[in-house]
Amino acid sequence: MTPDQEEYVERVLTLVEGVPPGRVTTYGAVAAVVGGGPRRVGTVMSLHGGGVPWWRVVRADGSLPPSHDERAREHYLDEGTPLRRAGVDMAGAFWDPGEPDDHRQGP
DNA sequence: TTGGTGACGGTAT
DNA sequence: TATACCGCCACCA
């Protein structure tokens, strides 16, 4: 693993850890911040996502892979994440890592 | 070097 | 609303 890779992985994981409980972000949103592409982020998560709240990173439509969907749902219920039939209610739970909704950096 | 692949995204049917 | 396809970026045989 090259230093570049480790750094990229660390940036992804750090950002994921920054997602507030009860909220979620998407692979694409993460990729928009750390660079690379959504698929790259997904690959990183599959390999190193075990140590972070991986369930707070979902696909653009608010769903997760069937295998992890069940496990994630328990976390969502536990955290009070707004859910919808297909998965997470993106309209209410989406959190943009590039612009946290606490955009009160100014008056 | 080439081709195939994946915890993805967006548009077309 | 559910599927199909194509585009994307990096990794690997």
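Side-chain atoms are counted along with the backbone in the values below, which use heavy atoms only and exclude waters and symmetry mates. First the proteins, then the strands, lettered A, B, ... as listed; each starts at 1.
- The residue among A/Thr26 and A/Arg40 whose nearest nucleotide of DNA chain B lies closer to the 5′ end is A/Arg40.
- Using modelled atom types, no side-chain atom of A/Arg23 and backbone atom of A/Trp95 make a donor-acceptor pair closer than 3.5 Å.
- Counting heavy atoms from C-beta outward, A/Leu83 and A/Asp89 have side chains that stay 4.5 Å or more apart.
- Protein atom CG of A/Asp61 is 13 Å distant from nucleotide atom P of B/dT11, rounded to whole Å.
- Residue A/Arg39 places none of its side-chain N or O atoms closer than 4.0 Å to OP1 or OP2 of C/dC9.
- Rounded to whole Å, atom C1' of B/dG10 lies 12 Å from atom CZ of A/Arg59.
- Put simply, CG on A/Asp96 is 13 Å from P on B/dG9, counting in whole angstrom units.
- As rounded to whole Å, 13 Å separates atom C1' of B/dG9 from atom CZ of A/Phe94.
- Distance A/His48 NE2 to B/dA7 C1': 13 Å, rounded to the nearest Å.
- When rounded to the nearest whole Å, the span between CZ of A/Arg85 and C1' of C/dT1 equals 9 Å.
- Checking C/dC11, B/dG9, B/dG6 against the side-chain heavy atoms of A/Tyr27 singles out B/dG9 as nearest.
- A/Met45 has its CE atom 12 Å from the P atom of B/dG9, to the nearest Å.
- A donor-acceptor contact shorter than 3.5 Å is absent between the side chain of A/Tyr76 and the backbone of A/Gly87.
- Atom NE2 of A/His68 is separated from atom P of B/dC8 by 10 Å (rounded to the nearest Å).
- In A/Arg11, the CZ atom is crowded: over 12 heavy atoms of neighbouring residues, nucleotides or ligands sit closer than 6.0 Å.
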